[in-house]
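Just so you know, these numbers come straight off a predicted model, no measurement behind them. Just the heavy atoms: all of them, side chains too, but no hydrogens, waters or symmetry mates, feed the values below.
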Amino acid sequence: MSDLSISLNLKRKFDIVASSVALVLLLPLFPFIAIAIKLDSSGPVFFRQMRVGNYYHDRAEFFEMIKFRSMRSDAEKKTGAVWAQKTDPRITAIGRFLRKSRLDELPQLINVLKGDMSIIGPRPERPDFYRNLENEIPFYSDRTYGIRPGITGLAQVYQGYDTCIEDVRTKVAYDHSYALALESVSGWLLTDAKIALMTVWVMIRGRGQ
């Protein structure tokens, strides 16, 4: 078994344990967040959206990502899929807090437990944007080859949400750098530990977007 296979195998086992423990500890927060969302705006508590998961040479896997809703429920009713904006008017008041604290992403722990995602990995992209990005950015698809997308990751902590193709182009470099780190167990452990600490710091400082 190669070092990469060992790293990915250990990474999956860690994801199962970490997401299970995190859900048990953080589940008491869910009702309070749900009430705040419902009091702030009309619409469902959870936001579900199709995303691209693992990529293989002959196919790409899709899954339904779940988050706490941070935008108006009719955010893309007239426009369809569009890039996020730094001061996005579609974001609700409580949604802005949830995004800055990254609390909107807590339900993705369910995706991790199911095997759709990892705690740490490349950002899962929307199918609406995927084909265009694949045409515009060399080796874009390879960033998730055999690697599950993550709730947080090297690109996410350094850059936040994507607002244009150039943002994604920068993120791809981070994603490929992360993939290289997985080629050894020590590299995976050190890189994931660094990203985890940076993510906690982002949450504490409310620097999420």
Query raised in the report: Closest heavy-atom contact between Ile195 and Leu154?
Result: CD1-N, 3.6 Å
Query raised in the report: Hey, what do you get for CD (Glu183) to CG (Leu4), rounding to the nearest 0.5 Å?
Result: 6.5 Å
Report task. Look at the side-chain heavy atoms of Ile, Leu, Val, Met, Phe, Trp and Tyr, link any pair under 4.5 Å apart, and say whether Tyr174 and Leu197 land in one connected group. Result -> no
Report task. Indicate, with yes or no, if Val200 and Leu190 share a hydrophobic cluster defined by side-chain heavy-atom contacts under 4.5 Å among Ile, Leu, Val, Met, Phe, Trp and Tyr. Result -> no
Query raised in the report: Can you tell me how far CD1 of Ile151 sits from OG1 of Thr199, rounded to the nearest 0.5 angstrom?
Result: 10.0 Å
**Report entry** Euclidean distance, Thr92 OG1 relative to Ile37 CD1, rounded to 0.5 Å
**Finding:** 7.5 Å
Report summary line: The reported gap from CZ in Arg96 to CG in Asp40 (rounded to nearest 0.5 angstrom) is 11.0 Å
Requested in this report: Measure the shortest side-chain to side-chain distance between Thr152 and Arg102 over non-hydrogen atoms and say whether it is less than 4.5 angstrom.
Outcome: yes
Query raised in the report: Only one of Met117, Met50, Gln49, Lys114 clears side chain to side chain contact (heavy atoms under 4.5 Å, CB included) with Phe63; which?
Result: Met117
Requested in this report: May I have the step-by-step check of side-chain contact (heavy atoms from CB on, under 4.5 Å) for Leu26 and Leu109, ending in yes or no?
Outcome: CA-CA 10 Å; Leu26 297 172; Leu109 290 168; 4.2 Å; yes
Query raised in the report: Mind checking whether Lys38 and Val45 have side chains closer than 4.5 Å, heavy atoms only?
Result: yes
Report task. Determine, stepwise, if the pair Val157 / Trp201 fulfils side-chain contact (heavy atoms from CB on, under 4.5 Å). Result -> CA-CA 9 Å; Val157 293; Trp201 185 237; over 6 Å; no
**Report entry** ring pair (Phe, Tyr, Trp, His ring centres under 6.0 Å) involving Phe30 - partner list, sequence neighbours excluded
**Finding:** Phe68
Query - Single-linkage hydrophobic cluster, 4.5 Å side-chain cutoff, Leu10 and Leu182 together - result: yes
Report task. Compute whether any side-chain donor of one residue and acceptor of the other, for Ser118 and Asp15, lie under 3.5 angstrom apart. Result -> yes
Requested in this report: Check whether Leu180 and Ile6 end up in the same hydrophobic cluster, where Ile, Leu, Val, Met, Phe, Trp and Tyr are linked by side-chain heavy atoms less than 4.5 Å apart.
Outcome: no
Requested in this report: For residues Ala155 and Asp175, report the shortest heavy-atom separation together with the two atoms involved.
Outcome: CB-OD1, 3.8 Å
Query - Point-to-point distance, once rounded to the nearest 0.5 Å, from OG of Ser2 to CG of Asn9 - result: 10.5 Å
Query raised in the report: Is Met65 close to Arg126 at the side-chain level, that is, under 4.5 Å between some pair of heavy atoms?
Result: no
Query - Gly150 to Pro124 - nearest heavy-atom pair and separation - result: O-CD, 3.7 Å
Query raised in the report: If we only count heavy atoms from C-beta on, is the Arg69 to Pro44 side-chain gap below 4.5 Å?
Result: yes
Report task. Could you state whether Phe46 and Ile35 fall into the same hydrophobic cluster, counting links through intermediate Ile, Leu, Val, Met, Phe, Trp or Tyr residues with side-chain heavy atoms under 4.5 angstrom apart? Result -> no
Requested in this report: Give the intermediate values and the outcome of side-chain contact (heavy atoms from CB on, under 4.5 Å) for residues Phe62 and Val52.
Outcome: CA-CA 5 Å; Phe62 297 86; Val52 180; 3.7 Å; yes
Requested in this report: Examine distances only and state if a side-chain atom of Gln108 and a backbone atom of Ile119 form a donor-acceptor pair shorter than 3.5 Å.
Outcome: no
Query raised in the report: Can you tell me if Lys13 uses its side chain to pair, donor with acceptor, with the backbone of Leu8 under 3.5 Å?
Result: no
Query raised in the report: Just by modelled atom types, is the Glu61 backbone N or O under 3.5 Å from a matching donor or acceptor in the Asn54 side chain?
Result: no
Query raised in the report: What are the two closest heavy atoms between Met71 and Arg99, and how far apart are they?
Result: CE-NH2, 3.4 Å
Report summary line: Rounding to 0.5 Å, atoms CG (Leu106) and CG (Leu29) come to a distance of 7.0 Å
Query raised in the report: Are Lys11 and Asp192 close enough, and set up right, to give a side-chain contact (heavy atoms from CB on, under 4.5 Å), and what steps lead you there?
Result: CA-CA 9 Å; Lys11 182 176 173 62; Asp192 273 24; 3.3 Å; yes
Report task. Check whether any side-chain heavy atom of Val17 sits under 4.5 Å from a side-chain heavy atom of Phe14, and report yes or no. Result -> no
**Report entry** Backbone of Ser70 reached by a side-chain donor or acceptor of Asp104 within 3.5 Å
**Finding:** no
Query - Nearest non-hydrogen partners of Thr191 and Ala181, listed with the distance - result: OG1-CB, 3.3 Å
**Report entry** Heavy-atom closest contact (Leu113 atom, Ser19 atom, distance)
**Finding:** CD1-OG, 3.4 Å
Query - Short side-chain to backbone donor-acceptor contact, Arg48 and Glu64, under 3.5 Å - result: no
Query raised in the report: Is Ser177 reaching over with its side chain to a backbone N or O of Ala173, donor-acceptor style, under 3.5 angstrom?
Result: no
